[in-house]
Visitor: 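Here you go, one structure.
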Amino acid sequence: MSNKRPLVETSLTDPIALVSARLGPWLSQRAGGGDIDAVVRPSDHADAQINGALPLAKQLGCNPRDLATEIVDSGQLADLCSETEVAGPGFINVTFSNSVINSLLTEVANDEHLGLRQASNARTVVVDYSAPNVAKEMHVGHLRSTVIGDALVRMYTAAGHRVIRENHIGDWGRPFGMLIEHLLDLGEEVAASGLGQGDLDSFYKAANAKFSESEEFQERSRQRVVLLQGGDEETHVLWNRLVAMSTEYFNTVYEQLGVLLVDDDLMGESKYQPLMPETLARLEASGLMSESEGAKVVFPPGFTNRDGDPLPLIVQARTGGFNYATSDLACVIDRVERLHADLMLYVIGAPQQQHLEMVFAVANMAGWMPDGVSAIHVAFGNVLGDDKKMLRSRSGESVKLVDLLSEAVERAASAVEEKNPSLSDSERADVAQMIGIGAVKYADLSTDRVRDYVFDWDRMLAFDGNTSPYLQYAHARIRSIFRRAADDQVSAGAIAVHEAAERALGLRLLSYPAAVADALESNSPHRLCTYLFELAQLFTAFYEHCPVMKSEGDIRASRLALCDLTARTLSAGLDLLGIDAPEQM
RNA sequence: GCCCCCGUAGCUCAGUGGAUAGAGCAACGGUUUCCUAAACCGCAGGUCGCAGGUUCGAGUCCUGCCGGGGGCGCCA
């Protein structure tokens, strides 16, 4: 039961949710018990359609149209709907009454959360995302994890949950012997000037090249790993330098990208090292662990290798070393027992699926994930170039994230310069930052995350279509109305929809909490993107057909209020995606 | 060989077991003394990869194929 708690509290201002809540108990009583979903959905045929009569009629063995009629005649909908009609095999098409829409809109307009309620049963959600490697460049592969994770953090927080961000950086393991030796060879100051300025690739590559060329360097590196793992003080000082230089660099990227990650969120591989022996001991004690080919392993059922034999999760290598399976298991223990996580999200690429399934399976077998605790792999696909292959730079290397972001801002700046020359240099720079970064993020968030997507500058920066600039522009247009309205001493008032375009816009505004819920429940930010795009389209239709400043009295006050609510909804929705909404552009 | 993911309009993508599968872009045709035309309206465009099955009802669920991508023991 505990894991059936809704992640987003049912909206009290969404008429679809109200109808659903109203009919649920009635249907349940009619069916003689059990939870019955009225299956209320937005409809092309009316404001909404109720589909629940069909499956229930089947269950009760009665005629679906008769049951639909019975539902209509029950009077349950009388105060919410101005029209109800039984259609087809047993659908009920409903039209919400304008007075209900008006009062709900006025209520939402006065709610700083726009109808989104705080979870009454807040969960503790750990979000594992970004995870760059120390002394290695951040590339487009980190973009997806960082951007999707950031959006999820913002959405869960907005829904009232306690969210713990964890940046599981790669700061431990075999390569660090080599990296520390290279640091010593270069001298710390030289290394600092390179790493600090974001030239991580050449540092790593140089170390790697030396490693493959020089046996002497290899030997030093091996010894250095031993020193590092043995807790040698001088080695740890050097290692700390290396980590600090990298994380400082990561922070500049996070700042440019506008994500919430800070140093307090760092929870690298190294942090779990001390927990590994105990993790192993607990596996041993549980009787799950066995030995295979010299390694300590656990065989979770249902996984097989190339030859069809059981596939082990290796928790201790033949050499005695721990690996990422061990640390991921230690991670589960830490998150459940120290952080008291209810829900653990792993924003990690799709190729890791089997590994994570095995880790979760073993953690479950060991009893480390009790009832009510769940772990979800929030998987994502690749970023592709226009050749439909993994995005690469012209030289064939992976694209540095910083280069990609600065190009986005440059492209946005020239677009803004062309379209709005009246902005000052500093205004243009600010706006270009919001548009450029927003475009990159939105392109990443607006399609189903599990699919690959094609990275296309022209499409993501277009001011038409399902893009961030389009949404930002819709917002900026509304804000410009209020700059003028301020001069006229007019203000927003109670909302009363009359025209079809007003009504359609108003209804969509009321479904903002449902859109957030949809996105959250499937950990799919693109559902929120789709909602915001449709909202922006409905706004432009409204703005086309319904004069705002040129209307008068209550109508103008109502339309101004609709404009204001739309701007706030766009801004809030974009904010949940980690995207800024400029006042002008 | 086994397992996972993806396949929807020319292109990029939405689509919660519900009615006639929708947007955007591109193309075509319109709208401009009008609040930001960076817009809007219209028109066209589909064997939802293929074949079975479950269901009152399948793009959606199940099975098998085809095509693309990925994974499959001591790196993370």
Side-chain angles (χ1 to χ4, degrees), chain A residues 37 39 41-45 49 51-52 54-55 57-58 64 87-91 93 131 133 168 170 172-175 269 292-297 302-325 327-328 349-355 357 379 381-382 384 388-390 415-416 418-420 443 446-448 450-454 456 458-460 462-467 469-470 472-474 476-481 484-485 514 518 521-522 526-527 529-530 533-534 537 540-541 543-551 559 563 584-585:
Chain A
D37 182 2
V39 198
R41 303 279 186 261
S43 176
D44 293 335
H45 302 83
Q49 60 185 66
N51 303 332
L54 285 105
K58 176 85 177 169
F91 303 112
N93 292 333
N133 292 309
H168 196 109
W172 202 255
R174 217 183 45 194
E269 286 288 318
S292 172
E293 298 174 31
K296 299 275 175 57
V297 304
F303 297 90
T304 55
N305 67 13
R306 225 179 283 270
D307 304 318
D309 298 327
L311 183 67
L313 187 69
I314 296 169
V315 293
Q316 189 173 31
R318 196 165 32 218
T319 58
F322 300 123
N323 58 18
Y324 76 136
S327 97
D328 283 343
Q352 297 294 321
Q353 180 175 329
Q354 189 184 50
H355 166 73
E357 280 173 359
N382 295 315
L384 307 180
K388 300 286 179 75
K389 294 185 174 163
M390 296 268 286
V416 171
E418 184 192 325
K419 287 172 173 162
N420 190 352
S446 59
T447 62
D448 188 354
V450 81
R451 294 172 49 134
D452 297 344
Y453 76 94
V454 176
D456 182 332
D458 292 335
R459 196 178 311 124
M460 74 176 73
F463 288 71
D464 300 315
N466 187 10
T467 68
Y470 176 77
Q472 290 170 321
Y473 177 64
R477 274 179 106 182
I478 301 172
R479 297 305 305 153
S480 83
I481 297 169
R484 272 176 283 113
D518 279 350
E521 278 155 12
S522 55
H526 83 278
R527 288 175 179 255
C529 295
T530 302
F533 176 55
E534 288 169 354
Q537 283 185 304
T540 49
Y543 197 52
E544 186 76 15
H545 293 112
C546 304
V548 177
M549 296 301 286
K550 290 182 176 174
S551 58
R559 287 180 180 170
C563 286
Q584 53 182 326
M585 59 189 277

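All of these numbers come straight from a predicted model, not from anything done at the bench. Each chain gets a letter, A, B and so on, in the order the sequences are listed, and its residues count up from 1.
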Visitor: What integer number of Å spans the P atoms of rC3(B) and rC62(B)?
Guide: 15 Å
Visitor: So if I take every side-chain heavy atom of Met549(A) and compare against rA38(B), rC35(B), rG18(B), which nucleotide ends up nearest?
Guide: rC35(B)
Visitor: Starting at the 5' end of RNA chain B, which residue's closest nucleotide do you reach first, Glu534(A) or Glu357(A)?
Guide: Glu357(A)
Visitor: For a 4.5 angstrom cut-off between non-hydrogen side-chain atoms, does Met460(A) reach Tyr453(A)?
Guide: no
Visitor: Would you please indicate yes or no on a ring centroid separation below 6.0 angstrom for Phe91(A) and His45(A)?
Guide: no
Visitor: Taking only side-chain nitrogens and oxygens of Lys388(A), does any of them come within less than 4.0 Å of OP1 or OP2 of rU12(B)?
Guide: yes
Visitor: Given rC5(B), rA14(B), rC40(B), identify the nucleotide with an atom nearest to the side chain of Val450(A).
Guide: rC5(B)
Visitor: For Thr304(A) and rC2(B), is the shortest distance between a side-chain N/O and OP1 or OP2 below 4.0 Å?
Guide: no
Visitor: For nucleotides rG69(B) and rG49(B), find the distance between their C1' atoms and express it as a whole number of Å.
Guide: 15 Å
Visitor: For the side chain of Gln354(A), counting heavy atoms from C-beta on, which of rC40(B), rA38(B), rG71(B) is nearest?
Guide: rG71(B)
Visitor: Does His45(A) stack onto the base of rA19(B), taking stacking as ring centres under 5.5 Å apart and planes under 30° apart?
Guide: yes
Visitor: Take atom C1' in rG52(B) and the same atom in rG24(B), then report the distance between them in whole Å.
Guide: 35 Å
Visitor: Using a 4.5 Å cut-off on heavy atoms from C-beta on, say whether the side chain of Met585(A) contacts that of Asn420(A).
Guide: no
Visitor: Evaluate whether the aromatic ring of Tyr473(A) and the six-membered ring of the rA38(B) base sit under 5.5 Å apart, centre to centre, with an inclination under 30°.
Guide: yes
Visitor: I'd like to know if the side chain of Asn323(A) and the backbone of Ile314(A) have a donor-acceptor N/O pair within less than 3.5 Å.
Guide: yes
Visitor: Closest to the Leu54(A) side chain: rC35(B), rC72(B), rG18(B)?
Guide: rG18(B)
Visitor: Mind checking the C1' distance from rA44(B) to rC11(B)? Whole angstroms is fine.
Guide: 16 Å
Visitor: Using the P atom as the reference point in each nucleotide, state the distance between rG22(B) and rA9(B) in Å, no decimals.
Guide: 14 Å
Visitor: Of all the nucleotides listed (rC40(B), rG73(B), rA14(B)), which has the minimum atom distance to the side chain of Val297(A)?
Guide: rG73(B)
Visitor: Could you give the distance separating rA26(B) and rC13(B) at their C1' atoms, to the nearest angstrom?
Guide: 14 Å
Visitor: Quick one: which of rC11(B), rC74(B), rC35(B) gets closest to the side chain of Arg459(A)?
Guide: rC11(B)
Visitor: Where the side chain of Asp448(A) is defined as all heavy atoms beyond and including C-beta, which of rA14(B), rG73(B), rC74(B) is the nearest nucleotide?
Guide: rA14(B)
Visitor: Just N and O in the side chain of Arg41(A): are any of them under 4.0 Å from OP1 or OP2 of rG15(B)?
Guide: no
Visitor: Just how far, in rounded Å, is P of rU16(B) from CD of Gln49(A)?
Guide: 14 Å
Visitor: Between Thr319(A) and Asn51(A), who's closer to the 5' end of RNA chain B by nearest nucleotide?
Guide: Asn51(A)
Visitor: With sugar-phosphate meaning primed atoms plus P, OP1 and OP2, does Pro55(A) contact a base, only sugar-phosphate, or nothing at under 4.0 Å between heavy atoms?
Guide: base
Visitor: If you measure from the ring centre of Phe303(A) to the centre of the six-membered ring in the base of rC3(B), is it under 5.5 Å, with the planes under 30° apart?
Guide: no
Visitor: Which nucleotide in the set rA38(B), rC40(B), rA19(B) lies at the smallest distance from any side-chain heavy atom of Phe91(A)?
Guide: rA19(B)
Visitor: Can you measure His355(A) atom NE2 to rC5(B) atom P for me and round it to whole angstrom units?
Guide: 18 Å
Visitor: Taking the side chain of Gln353(A) as heavy atoms from C-beta outward, which of rC13(B), rC5(B), rG70(B) is closest to it?
Guide: rC5(B)
Visitor: Please determine, for the side chain of Arg451(A), which listed nucleotide (rU8(B), rG73(B), rG18(B)) has the closest atom?
Guide: rU8(B)
Visitor: Taking rA21(B) as the reference, what is the distance to rU47(B) when you measure between their C1' atoms (whole Å, please)?
Guide: 14 Å
Visitor: If I pick the P atom on rA14(B) and the same atom on rG71(B), what distance separates them, to the nearest angstrom?
Guide: 23 Å
Visitor: Does a nitrogen or oxygen in the side chain of Gln537(A) sit under 4.0 Å from OP1 or OP2 of rG24(B)?
Guide: yes
